[in-house]
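Here is the structure we will look at, set down as structure tokens.
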Amino acid sequence: MRTELHLHHDNYSAPFARNPLGAVRNLGILAHVDAGKTTVTERILYATGTTHKRGEVHDGTTVTDFDPQERDRGITIFAAAVSCDWDGHRINLIDTPGHVDFSDEVVRSLRVLDGAVAVFDAVAGVEPQSESVWRQADRFGVPRIAFVNKLDRTGADLDSAVASIRERLHPAPLVVQLPIGSEDGFEGVVDLLRMRALVWTERRDGHDGRDGSGEVREGPVPEALRAEAGRRRRLLEEAVAELHPGALEEFCTRSTVCADTLAGALRDLTRTGDGVVVLCGSAYRDRGIEPLLDAVVAYLPSPLDVPAVRGTLDGAGQERAADPAAPFAALAFKVNATATGRLTYLRVYSGTIRKGETVWDAGAARTERIGRILRVQADRHAQVDRAVAGDIVAVVGLKSARAGSTLCAPGAPLVLEPPDTAEPVVSVAVEAGTNADTERLVAALGRLVEEDPSLVVRTDGETGQTVLSGMGELHLEVAVEKIRRAQGLDVRVGRPKVAYRETVVRGVAGLVHRHVKQDGGAGQFAQVVLDVEPLEPVEPSDAAGEGAGAGPGGSATGFEFRSAVVGGRVPQEYVRAVEAGCRDALGEGPLGGHPVTGLRVVLRDGATHVKDSSELAFRTAGRLALREALRASAMALLEPVAEVTVTAPGDAVGGVLGDLAARRGRVTGSSTRAGSAVVTATVPLAELFGYATRLRSRTQGRGVFTTRPTGYAPAPASSR
């Protein structure tokens, strides 16, 4: 028997009951791979009565990891949306991937969420991908609460995990619980707001002796923990008073802060991002989930609590409030393109939409008809008649909408800012096993790109090969395997290749280029004088290839253009044309035809002709001038690098370090954690292909690693 336990006082949630939108929570579960995101999601669904059996990742029985590849690999690959109800509130929840290769799924999800639960391993603390998704949430201004998971593991330590949150993520962690018991003896928590103990009893079954899904018992704080609980409650009051004026006033007046004031202050600090509430538990043993749900309801914002969504109309900014009566506006953030139809996932920001109605696709500039509206439960769907502001739903019938498309009322058009799409860093050549399957492969690749904008398909102009590009080796492996399974195609895959770039080490000044063309009729005339320089210096040793293993972001990326023309010698419209021409020239560099980055171009001077000068002439002059300048400059080849974190037994560290050195890696840190060594290094991405197999061999299967792209660094001369 399960007990629904709601820890917040009635007046905490009273404001939400006055408006249905106030009783909605749109949140994501964020974490490093294997921190327990999917297990937390499964326990939430079980605690809310949405499912009646606990799904397990290792058994392949989870609701959100429903794709065959997710179940085979034991990781989340695709963001999955589910809905459940808790304490009179509807929770729309998205379980996001934790592997860095699928971080674009996380970004698209964060774009439409109002809040998030960040899950941390109680042994490992903040891990590389934990930090990456935290920074992404910072960029979108998504309020978060933290859940320190796996307190039942050997070596679990709440205080160490909280310290890593403070040191690596830099929020003010506000710990509201104290564990009861440690490691295998972890059995509950002390709620520091109400100073009550919550203990989860275990129920025995006939399979493995326990399933951890017994009742929750509430009672007084155990005698042995009263002093420590009192001390931690005092620390919580002091930390909140430092950050919240209302709590500070009560603390100064009464030398304490009551539970209601603390709860209100924690809600304010969470929503402003000035603090992060920290809870703890063990999702696998089903301990701590009910208090986590209560914290979601009490502290994370509803659609009414977040700023009105901003969009543009004819270049002017507009806002749309979360009001069902306002004009309809929604953002498509995910597309499932199948052979039988397309399923488009929407976050509705304003207005109401009903099945059968017509909407305007602002990106494609065409109308679309909503065939059906579905409430999503991972791979299962329930039809509904309408969706209102604050809803996350899927719709059937849209033909042109892509991830990032804005759908709005035809009479009130609006364009919402789409989420950024990451630039691919790894490519493979793909081809069908037989000529007869070539067209089927092209169609399958098209559906892949519809679903995942971080995948890019192109045809190599020199070889005629079809090239698939993505965020990493695993990303491409999953994409190809999806085609094989869904279409039954024999797909051949070439060796992965990384996306090199070229940059300027030493530029040129005062390069004069005159473009003159006369072939009957109006001619073309444009003269430009350019300076080309690097955005930041590149060490000569690195440029020569001696700096292999350069640190993250070893060279600046990007492009800057500015005009220093005086006296109106080049009109402004021609200056813009020169900039456009320079950008055209960045597609192919002189070293190997790779894109050029990390340079600044200054237009110093120019000349025009009264009849033959035009924007086309100056665009052509800008393109040809920059190409000439790049050939005259000292150039360097850049390669993508990644931060690699390897966890291995202490007796295998020597072999791990030697292998990293052979891969041109530069070790940046090492530590000992729970009896294992953790090594961090910066390694060229091209050297990491096949690393998983090599690491398993060197550590007898006991080593694991994660990677995180960190930018570009100069490549050795042999890579050119």
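These numbers come from the heavy atoms of this one structure, side chains and all, not from hydrogens, waters or symmetry mates.
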Minimal heavy-atom distance between Arg492 and Gly433, with the atoms involved, is NH2-O, 3.3 Å
Rounded to the nearest 0.5 Å, what separation is found between the CZ atom of Arg440 and the CD1 atom of Ile483?
-> 11.0 Å
Would you indicate whether the side-chain heavy atoms of Glu473 and Leu688 approach each other to under 4.5 Å?
-> no
Rounding to 0.5 Å, atoms CG (Leu638) and OH (Tyr500) come to a distance of 11.0 Å
Return yes when atom CD of Glu357 has more than 12 non-hydrogen atoms of other residues, nucleotides or ligands closer than 6.0 Å, and no otherwise.
-> yes
Interatomic distance, Lys150 atom NZ to Phe120 atom CZ [nearest 0.5 angstrom] = 13.5 Å
So do the side chains of Asp584 and Arg619 get within less than 4.5 Å of each other, counting heavy atoms only?
-> yes
Separation of Lys37 NZ from His32 NE2 (nearest 0.5 Å) = 9.0 Å
Check ion pair Glu105-Lys334 (N to O, under 4.0 angstrom) | yes
Compare all side-chain heavy atoms of Ile91 with those of Leu293 and state whether any distance is below 4.5 angstrom.
-> yes
Are Asp114 and Leu300 side-chain neighbours, meaning at least one heavy-atom pair lies under 4.5 Å?
-> no
Minimum heavy-atom distance Pro301-Pro143, with the two atoms named = CG-CG, 3.8 Å
Leu331 vs Thr406 side-chain heavy atoms within contact, under 4.5 Å = yes
Is the number of heavy atoms from other residues, nucleotides or ligands within 6.0 Å of CZ (Arg90) greater than 12?
-> yes
Are any side-chain N or O atoms of Arg25 and backbone N or O atoms of Val297, one a donor and one an acceptor, separated by less than 3.5 Å?
-> yes
Ser405 side chain to Gly363 main-chain N or O, any donor-acceptor pair under 3.5 Å?
-> no
Worked verdict on Val426 versus His475 for side chain to side chain contact (heavy atoms under 4.5 Å, CB included) | CA-CA 9 Å; Val426 179; His475 189 203; over 6 Å; no
Just by modelled atom types, is the Asp385 backbone N or O under 3.5 Å from a matching donor or acceptor in the Arg354 side chain?
-> no
Return the minimal non-hydrogen interatomic distance between Ala35 and Val119, and the atom names on each side.
-> O-CG1, 3.6 Å
Heavy-atom side-chain contact between Leu21 and Ser302 under 4.5 Å | no
Sidechain-backbone polar pair: Thr352 side chain, Pro324 backbone, donor-acceptor under 3.5 Å = yes
Residues Thr438 and Asn435: side-chain donor-acceptor under 3.5 angstrom = no
Please test Asn336 against Glu451 for side chain to side chain contact (heavy atoms under 4.5 Å, CB included), starting from the C-alpha separation and ending with a verdict.
-> CA-CA 5 Å; Asn336 275 355; Glu451 293 183 347; 4.3 Å; yes
Should Arg583 and Glu579 count as an ion pair when the cut-off is N to O under 4.0 Å?
-> yes
Any pair with a residue in residues 359-370 that passes side chain to side chain donor-acceptor pair (under 3.5 Å), sequence neighbours left out, goes on the list, sorted by first then second residue, please.
-> Asp361-Ser400, Glu368-Ser400
Mark yes or no: Arg347 above the aromatic ring of Tyr349, with NZ or CZ under 6.0 Å from the six-membered ring centre and no more than 45 degrees from the axis.
-> yes
Distance (rounded to the nearest 0.5 Å) between Arg447 CZ and Asp452 CG | 15.0 Å
Gly390 backbone acceptor or donor facing Asn26 side chain under 3.5 Å = yes
CD1-CD distance between Ile44 and Glu290, expressed to the nearest 0.5 angstrom | 10.5 Å
For Ala283, what residues pass the side-chain contact (heavy atoms from CB on, under 4.5 Å) criterion, not counting sequence neighbours?
-> Thr39, Val40, Arg43, Asn149, Ile289
So which pairs with a foot in residues 316-327 pass side chain to side chain donor-acceptor pair (under 3.5 Å), sequence neighbours left out?
-> Arg310-Glu319
Could you walk me through whether Leu398 and Leu407 pass side chain to side chain contact (heavy atoms under 4.5 Å, CB included), step by step?
-> CA-CA 10 Å; Leu398 304 185; Leu407 301 176; 3.4 Å; yes
Looking at Ala412 and Pro327, what are the two nearest heavy atoms and their distance?
-> CB-CB, 3.6 Å
Considering all heavy atoms, the nearest Leu113-Ser109 contact | CG-O, 3.0 Å
I would like to know whether Arg111 and Phe140 meet side chain to side chain contact (heavy atoms under 4.5 Å, CB included); could you show each step before the answer?
-> CA-CA 7 Å; Arg111 174 64 178 82; Phe140 288 103; 3.6 Å; yes
Salt bridge present between Arg144 and Asp138 (N-O < 4.0 angstrom) = yes
Between Leu441 and Glu431, what is the shortest heavy-atom contact and its length?
-> CD2-C, 3.6 Å
Using a strict cut-off of less than 4.0 Å between a Lys/Arg side-chain nitrogen and an Asp/Glu carboxylate oxygen, indicate whether Glu481 and Arg484 qualify as a salt bridge.
-> yes
Are any non-hydrogen side-chain atoms of Thr434 and Asp490 less than 4.5 angstrom apart?
-> no
Side-chain contact, heavy-atom cut-off 4.5 Å: Ile353 with Leu346?
-> no
Do you know which of Thr50, Asp294, Thr48 makes side chain to side chain donor-acceptor pair (under 3.5 Å) with Trp86?
-> Asp294
